[in-house]
Each structure stands twice: as C-alpha cells, then as structure tokens.
Amino acid sequence: MKLVAGNSNSSLAHKIAKYLNMDLTNCTVKRFADEEIYVEINENVRGDDVYIIQSTSYPTNDHLMELLIITDALRRASARRITAVMPYFGYARQDRKPAPRAPISAKLVANLTTRAGVDRVLTMDLHAAQIQGFFDIPTDNLQAAPVMVRDIKKQFNGNKIMVVSPDVGGVVRARSLAKRIDAPLAIVDKRREKAGVSEVMNIIGDVAGYDCIMVDDIVDSGGTLCNAADAMLAAGAKSVTAYISHGVLSGGAVSRIVNSNLKNLVITDSISANEAVLTAENIRIISIDELFGEAIRRTSNEQSVSDLFNHF
Ligand code: R5P
C-alpha cells in the first residue's frame, strides 16, 4: 500500500499516514512558472495499491487538476489500483440542472476522475447521497457522524440536547445523528412568503430550554447557520452549536461566525484550515484522520468498510 498526498490537505494526509504507521510516498507536485502543474512520483509504485489523499477544496480547480495529473502519473508508473481519497468532494453542489442549459458539474468531475484512471473513490458526506451513483467505479461515502457523536458525548455530557436541521433539505442527515445520540429533532423551515419580502424562519419543534446542535454537510458563507442560530435563540434555545462536515468558509464567513450568536462551530479537517479559521475563538476542528485511516486500511485488506462504524 502507498499513500500519496496532493497539496490540498497535507496536514490530514500526514495524520492519516501516522495512523497507518507509514510514510507518505515521496513525490513532487509543483507548478511551472506559467502555473502548469508538474508531478513526479519519486518511488517505485509498480503493482502497488495507491491512495491519493486530495480534497478538491479551494482553489478547487487547481486541486482537481493535481488529482488528475497525480492519477495519470501513477497509472503510467503501473500502480495496480488507484483510490482517490477525497474527504471533501468539490463541485458537489452542482448535482442537478437548476436551469435550462446549465451543466451538471458534479457528474463531469466524476467522469474526469474516472477517465484519468482512478479505480475507486473514498469520500465523506457528499452533499447529495446520489452523487455516489455519478461514479461508475466503487465509491464509499463515509460519514463524519461517528466522529461528531464522540465529540458531542464529551462536550454535552448530561445536557438537555436537541438536534436541529438548519433547512428542510438536511433533515435526513440530522435525523440520523439525532438517532445516534437518542436526542429529539427540530427543523428550521425557511420561507419567503412573497418575492422581495425577507425570509421568515419557522422552527418546527420546541427548542426552548435546549442546548441545540445544528448539523449540516457544508458551511460556506455561514449565512444559513447564523440566521438559523438567531431564530433558535429567539425561540428560547439555551445555546446553539453547529457540527458541520466540511468547513468551506469562503469570503467573510469566519468573521460572520465569530460575530454571530453561535456558541461554537465544530468542523472536521476535511478541508485544510487557514489562519483565520485556526484562530477564530468559536471555531473548533475535529479530525477525521482515524476514520479515513481505518477506511484505507480496510479497503487495502479487502475488509468491510461499513463495519468501520462499529469501530467508533
Ligand atoms: C445547502 O444545501 C448546504 O447543505 C448548506 O446548508 C449550504 O451550503 C450552506 O451554505 P452557507 O453557509 O453559504 O449558507
């Protein structure tokens, strides 16, 4: 087995390697002066089972291209099997045609990855579960939930907690987490009654007196979370914390979160955190190193990956 890291999330790649008690494969992934990407694998990989650890996070197109070029280098170097380990799969939000003559970019990225020579994919909390079917190769969609549950049990031990979905689209995810921790569920229902009139937030469920835990796949601008937190506090919630799989956090998201009424935003390290995220006082990062390390170990040993969840 070999682990190769692109430039998107080297700290997670090192942690995964540490969990697996092995070194990352020596390879060069650099830019020419005109920004073309150049890759060289500096070790023999002939006949190896190779895992490329690369989230297609910001700058998405560069990281995607790195993944494709690393795959090509490995294929030409006769790797036996190539797995793209994409803890965060960028372009996932473009999973359908929202308008006539619009692309389905998530499908295109799945096609590109496969055509480059990837044999299987390991990812986590895809924005829509059906994206798994965009790949015609084996694709495991891991869940951050067991890692979150472990943290929630530590942080909220004995508190009266309620799981909240910040929008109607996230109910399945929130319900599954609520079931794992045996907590009740509430839903934030956003409605714009008339065009041009600001959105009204209705909370389905009684959050009064509860420490509320919002769950979602992505925090990008932070708008969804901050607005939902305000609505919950107005409805009598004791505190609001959010557990989110992927901290995209673009634009002014970090300062929006820091200045919000969220007690804490807990994200995983599927996307490498920048300095602003690392120093934000109400943002905390939990690691998915063990989750991915164990999934890679099991895949390599041809063992069940779904059994992995009993491991936590
Ligand atoms: C939407 O369907 C996603 O699940 C997230 O709720 C959304 O991407 C969050 O975006 P933002 O942080 O920009 O409100």
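First listed ligand is number 1; within each ligand, the first listed atom is number 1.
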Between Ser8 and Gln54: side-chain donor-acceptor atoms closer than 3.5 Å:
yes
Close-contact set for ligand 1 against [X] heavy atoms, below 4.0 Å:
X: Thr224; value: 9 (C), 10 (O), 11 (P), 14 (O)
X: Asp167; value: 6 (O)
X: Asp217; value: 3 (C), 4 (O)

Gly222 heavy atom under 4.0 Å from ligand 1:
yes
Starting from atom 6 (O) of ligand 1, find the nearest protein heavy-atom neighbour and note its residue, name and distance.
Asp216 OD2, 2.6 Å
Any idea which protein heavy atom is nearest atom 13 (O) of ligand 1, and the distance to it?
Ser221 OG, 2.6 Å
Asp289 vs Lys18 side-chain heavy atoms within contact, under 4.5 Å
no
Determine whether Leu68 and Val118 make a side-chain contact, defined as any pair of heavy atoms from C-beta on separated by less than 4.5 Å.
no
Do Tyr88 and Tyr58 have their ring centres less than 6.0 Å from each other?
no
Pick one: which of Thr60, Asn61, Thr56 meets side chain to side chain donor-acceptor pair (under 3.5 Å) with Tyr91?
Asn61
Return a yes/no value for Leu225: is any of its N or O atoms, backbone included, closer than 3.5 angstrom to an N or O of ligand 1?
no
Just go through Asn227, Ile218, Val248, Val219 and tell me whose heavy atom is the nearest to atom 7 (C) of ligand 1.
Ile218
Candidate with minimal heavy-atom separation from atom 1 (C) of ligand 1, of Arg93, Arg256, His127, Arg173:
His127
Test your reading of the model: is there a side-chain donor-acceptor pair from His246 to the backbone of His127, 3.5 Å cut-off?
no
Locate the shortest heavy-atom distance separating Lys15 from Asp269; write the atom from each residue and the value.
NZ-OD2, 3.2 Å
